[in-house]
Protein chains: 2
Amino acid sequence: MPTATAAQRRARAKAEYDAFLDGCPSRQLLARISDKWVALILAALSTGSAPRPGRPGADCAGEPRSMRYSELSRQLAGVSQKMLTQTLRSLERDGLITRTVTPTVPVTVTYEATALGLSLQRVMLDVKEWAESHMDEVLANRGDYDTRTA
Amino acid sequence: MPTATAAQRRARAKAEYDAFLDGCPSRQLLARISDKWVALILAALSTGSAPRPGRPGADCAGEPRSMRYSELSRQLAGVSQKMLTQTLRSLERDGLITRTVTPTVPVTVTYEATALGLSLQRVMLDVKEWAESHMDEVLANRGDYDTRTA
DNA sequence: CAGGATCCCGCTAGATACTG
DNA sequence: CAGTATCTAGCGGGATCCTG
């Protein structure tokens, strides 16, 4: 674009990637992380293991929060195995979580956020919390809109 | 639900909404806002009108940032009219943006974030910026993963 | 200019069945 | 337990044509 403004060129130089551009990889990454399962998985991993009888110290403070496949499956109510596995794989591939296989009698697999994953986790927690805390307002707005346009 | 556990009732009482629960409206809202077009539209609206010859003071600081349909369409490179219109409608319905029709010669329609929209805008800007600023790391991680599993 | 209305394709979520 | 494999229905989303 020959008519690029100084502001645009500055932004380009600073960010290197621009999700507004069609072909930019960052748009594809944005599409990936803009996913409810991504938000919920990262949120779950920030909580760590749900306290279960028989595994007392599993989520003591300071310890990195990890969760087993079945625990995630339980916390993300309604998620299909396919979506859970698929989303976990893509998060692992992008270096956001680690997958650890412990060869116990029935195999044990745990997932844990990486440093990079933790940085996204903070952002996605905000998104999830925004949704939960503004639900009432949104619901009210929808009601207004629907009556107005009815 | 007669089989609600004490933990579930506690969570409900504290947060009112819990996106981890399958039927909860907040999960549906989370799914809605977890959308690349939502992130990009809100990001665009935070920028305001691109400076154009003939509309000098359109984006002066302090003034609420508004954009026309065609401006949004241009900035969100590659978006289809259908998705743009559809996403704008849902944002309007949820009370996140306002739609203003000015009956000029060719009709002028401008969109602007509401107070509620501004609160989400901050969150979604973080998501977009996270994607742009961590693109390199993610790309590197993908390369590693693909060679490792190759 | 700013959409509305259709058609239609692809992919992706979900259900089911099987395995190391 | 933690997946993989397969199938299918549904809809997200693009292309196209039309309108106030």
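Protein chains get the first letters and strands the later ones, always in sequence-line order, with residue 1 at the start of each.
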To the nearest Å, how far apart are B:Leu72 CG and C:dA2 C1'? 12 Å
Do A:Leu42 and A:Leu118 sit in the same hydrophobic cluster, where Ile, Leu, Val, Met, Phe, Trp and Tyr count as joined when their side-chain heavy atoms come under 4.5 Å apart? no
Heavy atoms of A:Thr102 and A:Val107 approach each other most closely as O-CG2, 3.6 Å
May I have the distance from A:Arg32 (atom CZ) to C:dC11 (atom C1'), rounded to whole angstrom? 14 Å
Could you tell me whether B:Arg93 and A:Asp146 make a salt bridge, using a distance below 4.0 angstrom between a side-chain N and a carboxylate O? yes
A:Glu137 CD to B:Leu96 CG distance, which is reported to the nearest 0.5 Å: 9.5 Å
Which residues share a salt bridge (Lys or Arg N to Asp or Glu O under 4.0 Å) with B:Arg99, sequence neighbours left out: none
Divergence of helical axes at both termini of the helix from C:dC1-D:dG20 to C:dG20-D:dC1 - five pairs an end, 10° steps: 60°
Measure the CD-OG distance between B:Gln81 and B:Ser70 for me, rounded to the nearest 0.5 Å. 11.5 Å
For a quick check under 3.5 Å, do A:Asp94 and B:Tyr145 share a side-chain donor-acceptor pair by atom type? no
Sub-4.5 Å side-chain heavy-atom contact between A:Tyr111 and A:Ile41: no
Contact state string [nucleotides 2-20 of chain D, B base, S sugar-phosphate only, - no protein heavy atom under 4.0 Å]: SBB--------BB------
